[in-house]
*Asks:* 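Handing you a structure now.
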Amino acid sequence: MRYPLTTDDRGEVVLRVVPQLSQINTNGHIFGGWILSQMDIAGGIVAGRIADGAVATVAIESMKFISPMLVGDIVSVYAREERRGRTSVGVRVDVVAIRGSEQQQVDLTSGLFTFVALDENHRPRPLPSA
Ligand SMILES: CC(C)(COP(=O)(O)OP(=O)(O)OC[C@H]1O[C@@H](n2cnc3c(N)ncnc32)[C@H](O)[C@@H]1OP(=O)(O)O)[C@@H](O)C(=O)NCCC(=O)NCCS
């Protein structure tokens with residue numbers, strides 16, 4: 001993927017969040033695990049819509065931390081369907097910050113999250129037809 005991303009690359013904004021001081025690591029950056037959890041939530045929303053029900057994250061691929069997230073960033077989490085299987089859907093999730101008084105856009109992270117549609121026994125279930 002080439003950066004900076006275009007609006008078409010990113011898909012829709014699913015979450016907009018503002019990291020807090022409690023999410024800072026010892027470098028003064030926002031903790032990567034917190035960012036990952038926001039991405040998982042956003043991807044799960046898109047996948048749940050496609051699956052029309054419960055989904056579970058089965059894999060995270062090609063996760064890339066492009067630049068650090070800083071306190072004061074206004075963070076948008078974008079997600080879009082990238083691939084669809086029988087029971088699983090791959091959702092590309094990109095995180096972008098709006099930074100500083102100049103409202104600079106900074107690409108922060110990107111990853112491909114795979115979600116599996118679940119039945120009532122927590123086992124894979126076929127996706128509804130598109
Ligand atoms: C998700 C889960 C039900 C899948 O069970 P499973 O026995 O591995 O299921 P399958 O082997 O039939 O695979 C189901 C689908 O996932 C895909 N999949 C499985 N492992 C994968 C991996 N490492 N990467 C990408 N896709 C994967 C399969 O290709 C298949 O997709 P398809 O039907 O579209 O072809 C099971 O692994 C599980 O419960 N994992 C824990 C989920 C969890 O707790 N997530 C964190 C919180 S949400």
Side-chain angles (χ1 to χ4, degrees):
M1 186 67 80
R2 292 172 78 87
Y3 298 97
L5 298 172
T6 66
T7 308
D8 284 348
D9 291 330
R10 293 182 186 134
E12 64 171 304
V13 177
V14 181
L15 294 181
R16 201 159 261 151
V17 284
V18 177
Q20 305 295 307
L21 285 173
S22 57
Q23 278 111 29
I24 285 184
N25 67 18
T26 50
N27 298 327
H29 302 157
I30 302 301
F31 181 55
W34 180 80
I35 302 170
L36 208 55
S37 67
Q38 304 304 310
M39 296 172 78
D40 196 27
I41 292 167
I45 290 170
V46 169
R49 223 156 48 197
I50 293 164
D52 194 19
V55 293
T57 315
V58 73
I60 303 173
E61 293 164 71
S62 65
M63 181 67 207
K64 187 168 179 189
F65 290 88
I66 302 156
S67 28
M69 183 183 291
L70 306 179
V71 169
D73 284 350
I74 299 169
V75 174
S76 298
V77 186
Y78 293 79
R80 65 181 164 79
E81 178 182 341
E82 187 165 298
R83 66 173 186 225
R84 199 182 284 215
R86 194 181 76 84
T87 65
S88 70
V89 56
V91 179
R92 170 67 53 184
V93 184
D94 293 297
V95 180
V96 178
I98 304 291
R99 183 169 295 166
S101 55
E102 292 176 358
Q103 305 271 291
Q104 184 195 6
Q105 285 205 27
V106 182
D107 291 308
L108 299 178
T109 63
S110 182
L112 178 62
F113 288 63
T114 302
F115 297 89
V116 176
L118 297 179
D119 66 15
E120 59 281 5
N121 299 312
H122 307 274
R123 292 302 303 155
R125 138 182 88 79
L127 295 172
S129 41

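Since this is a predicted model, take the numbers as computed values, not measurements. Order of appearance sets the numbers: ligands from 1, and atoms from 1 within every ligand.
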*Asks:* Stepwise, does the side chain to side chain contact (heavy atoms under 4.5 Å, CB included) test hold for Y78 with V93?
*Replies:* CA-CA 6 Å; Y78 293 79; V93 184; over 6 Å; no
*Asks:* For Q103, is there any backbone N or O sitting under 3.5 Å from a side-chain donor or acceptor partner on Q105?
*Replies:*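 Checked: no pair found.
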*Asks:* Quick check against the 3.5 Å criterion: does T109 have a side-chain atom that pairs as donor or acceptor with the backbone of L36?
*Replies:*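 Such a contact is absent between T109 side chain and L36 backbone.
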*Asks:* Ion pair present between R83 and E61, side-chain N to carboxylate O less than 4.0 angstrom?
*Replies:*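 A salt bridge links R83 with E61.
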*Asks:* Taking only residues two or more places apart in sequence, or in another chain, which ones meet R125 in a salt bridge (charged side-chain N to carboxylate O under 4.0 Å, His left out)?
*Replies:*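 Partners of R125 by the salt bridge (charged side-chain N to carboxylate O under 4.0 Å, His left out) criterion come out as none, since no residue qualifies.
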*Asks:* Name each N or O atom in ligand 1 that is under 3.5 Å from a protein N or O, and give the partner atom and the distance.
*Replies:*
unit_1	atom_1	unit_2	atom_2	d
ligand 1	7 (O)	R123	NH2	2.9
ligand 1	31 (O)	S88	OG	3.1
ligand 1	33 (O)	T87	N	2.9
ligand 1	33 (O)	T87	OG1	2.6
ligand 1	34 (O)	R86	N	2.8
ligand 1	34 (O)	T87	N	3.1
ligand 1	34 (O)	S88	N	3.0
ligand 1	34 (O)	S88	OG	2.7
ligand 1	45 (N)	T57	O	2.9

*Asks:* Answer yes or no: is there a donor N or O on one side and an acceptor on the other, between the side chain of N25 and the main chain of N27, under 3.5 Å?
*Replies:*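 Looks like yes, one N/O pair under 3.5 Å.
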